[in-house]
Structures are given as structure tokens and as C-alpha cells.
Amino acid sequence: MPDARRILVLYAHPAHDRSEVNRPLARATRRMQDITFVDLYSEYPTLEFDIDVEQDRLRAHDVIIFMFPMYWYSTPAILKEWQDLVLEYGFAYGTGGTALSGKTFLAALTTGGPETAYNAEGYNHFTIRELLAPLEQTASLCRMRFIAPFLLHSARRAAEEGRVGTHVAEWRQVLAALQSDRLDLEAAAKVSHLNADIDGLLKEEL
């Protein structure tokens with residue numbers, strides 16, 4: 001039996017206490033065994049990152065996950081600052097920058113708008129995969145494998161519509177599949193989002 005793949009979740013929510021979806025997702029992630037969960041706003045309230053600690057965390061894990069609510073079609077500010085300072089030349093990319101080579105990267109995110117808003121005809125004009133292109137290219141530059149996001153639209157209505165429990169259960173399923181290397185990464189790179197068909201992305205058990 002191969003060793004479990006090591007997962008690092010970098011969580012960024014500037015209003016965690018008011019979150020109806022990301023907060024239970026974070027709680028469920030913390031409760032899973034052998035997953036490193038880092039609340040960036042809690043750990044670095046002044047945005048003064050310990051670069052050595054952050055780079056060591058990246059080296060020590062096989063799967064890197066950004067968990068966040070979408071803010072203005074991008075990540076919250078702390079995640080952009082983290083990228084600017086931690087993903088250094090010679091470490092993450094460029095000459096000698098192979099520390100992240102071969103690792104898997106994905107985003108677990110929520111949006112306030114409905115799914116219908118995220119296409120060429122919708123009021124946001126672009127799909128989530130298109131809006132995540134900067135993260136996908138970052139992963140590519142760092143020689144990581146980018147797979148589809150884990151996604152929940154209309155997060156503001158999710159609790160009243162009773163969708164949060166199912167979403168958290170699906171997230172735990174994705175994490176478990178990543179840990180056990182049962183997620184078909186090639187197929188997972190091609191779908192719009194992982195929770196469109198999680199069961200269809202799982203490898204057959206040997």
C-alpha cells in the first residue's frame with residue numbers, strides 16, 4: 001500500500017466568522033487526519049510571512065490547495081501577497097527552481113453569484129476556469145499539475161437552500177481521494193469543476 005499523499009491547505013478568508021460555507025469547509029478539513037491546514041489571515045494578520053516556513057511547508061507536501069471565497073474575480077489579497085513573496089525565483093521557478101515540480105495544485109472556492117453568471121452570455125462573461133487562468137499558469141510555471149477547482153456557486157444562499165452539508169461531504173470525498181491517489185488527475189484537469197462528477201473521476205480500486 002503506497003504512502004498517503006500529503007496535502008497542504010492554505011485557507012484565506014478575511015471574514016471567516018461570517019462565512020456560511022467556507023467556515024464549515026475549513027472545520028471539516030481540520031478534522032481530517034494527516035492534512036496540514038493553515039489559516040493565513042489568522043497566522044499572518046500583518047501579512048509578514050515567514051518565507052522559510054512557507055517554503056518548507058510546500059516542500060513537505062504533495063498536493064497544494066488554495067481555499068478561498070472569490071473576491072473581484074480573484075483570490076483574497078493575502079493569497080496574492082503569499083504568491084508574490086513565497087514563490088521565489090530559484091525556488092518555485094526559473095533556474096534551479098524545481099521545489100514544486102510534480103506536485104498537484106487546485107483551488108477550492110466559493111462564489112456569490114450563480115453558475116449562470118459565469119459564461120460568455122452571463123453577467124460575469126467568463127467561466128471560473130477562465131478566471132482562474134492566472135493560477136493555472138502559476139502552477140504551470142512552477143511545474144505543478146493544475147486540476148479543476150472544487151466549486152460552490154451562490155454561496156450566500158447555500159445555507160438556506162440546504163446545500164452546505166452535501167458540499168462538505170463532497171469535499172471530504174475529494175480530499176480522501178487525493179490522499180489515497182484515487183483521483184484520476186488527468187481526467188480531473190479537463191472538467192469544469194471537481195464536484196461536477198466526483199465518482200466519475202475516481203480510479204477503480206485494485
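If you're wondering where the values come from, they're calculated on a predicted model, not measured in any experiment.
Between the side chain of His61 and the main chain of Val63, no donor-acceptor pair closer than 3.5 Å is present. Formation of a donor-acceptor pair under 3.5 Å by the Asn124 side chain with backbone atoms of Phe126 is not found in this model. Checking side-chain atoms of Arg143 against main-chain N and O of Gly97 turns up a donor-acceptor pair under 3.5 Å. The backbone N or O of Ala169 sits nowhere less than 3.5 Å from a side-chain atom of Gln173 that would complete a donor-acceptor pair. Side-chain atoms of Arg182 come within 3.5 Å of backbone N or O of Lys203 as a donor-acceptor pair.
Residues that satisfy the salt bridge (Lys or Arg N to Asp or Glu O under 4.0 Å) test with Asp84, not counting sequence neighbours, are Lys80. With sequence neighbours left out, the salt bridge (Lys or Arg N to Asp or Glu O under 4.0 Å) criterion links Arg59 to Asp56.
Other residues sharing a hydrophobic cluster with Tyr123 under the 4.5 Å side-chain heavy-atom criterion for ILVMFWY residues do not exist; the residue is a singleton.
Taking the centre of each ring, His125 and Tyr118 stay at or above the 6.0 Å mark.
For Lys103 and Asp62, the salt-bridge test fails: no basic side-chain N is under 4.0 Å from an acidic carboxylate O.
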Just list the side-chain donor-acceptor pairs under 3.5 Å for residues 24-33, sequence neighbours left out, or say none.
from: Thr29; atom 1: OG1; to: Leu25; atom 2: O; distance (Å): 2.7
from: Thr29; atom 1: OG1; to: Trp171; atom 2: NE1; distance (Å): 2.8

If you look only at distance, which donor and acceptor atoms sit under 3.5 Å apart when one is on a side chain in residues 40-48 and the other is two or more places apart or in another chain?
from: Glu43; atom 1: OE1; to: Arg57; atom 2: NH2; distance (Å): 3.4
from: Glu43; atom 1: OE2; to: Arg57; atom 2: NH1; distance (Å): 3.3
from: Glu43; atom 1: OE2; to: Arg57; atom 2: NH2; distance (Å): 2.9
from: Tyr44; atom 1: OH; to: Glu54; atom 2: OE2; distance (Å): 2.7

Please list every donor-acceptor pair under 3.5 Å in which a side-chain atom of residues 128-140 meets a protein atom from a residue at least two apart or in another chain.
from: Arg129; atom 1: NH1; to: Ala189; atom 2: O; distance (Å): 3.1
from: Arg129; atom 1: NH1; to: Val191; atom 2: O; distance (Å): 2.8
from: Arg129; atom 1: NH2; to: Ala189; atom 2: O; distance (Å): 3.3
from: Glu130; atom 1: OE1; to: Thr127; atom 2: N; distance (Å): 2.8
from: Glu130; atom 1: OE1; to: Thr127; atom 2: OG1; distance (Å): 3.4
from: Thr138; atom 1: OG1; to: Pro134; atom 2: O; distance (Å): 2.8

Inset, instruction - Would you please test Leu58 and Leu8 for side-chain contact (heavy atoms from CB on, under 4.5 Å) and show each step? - result: CA-CA 8 Å; Leu58 291 172; Leu8 171 65; 3.9 Å; yes

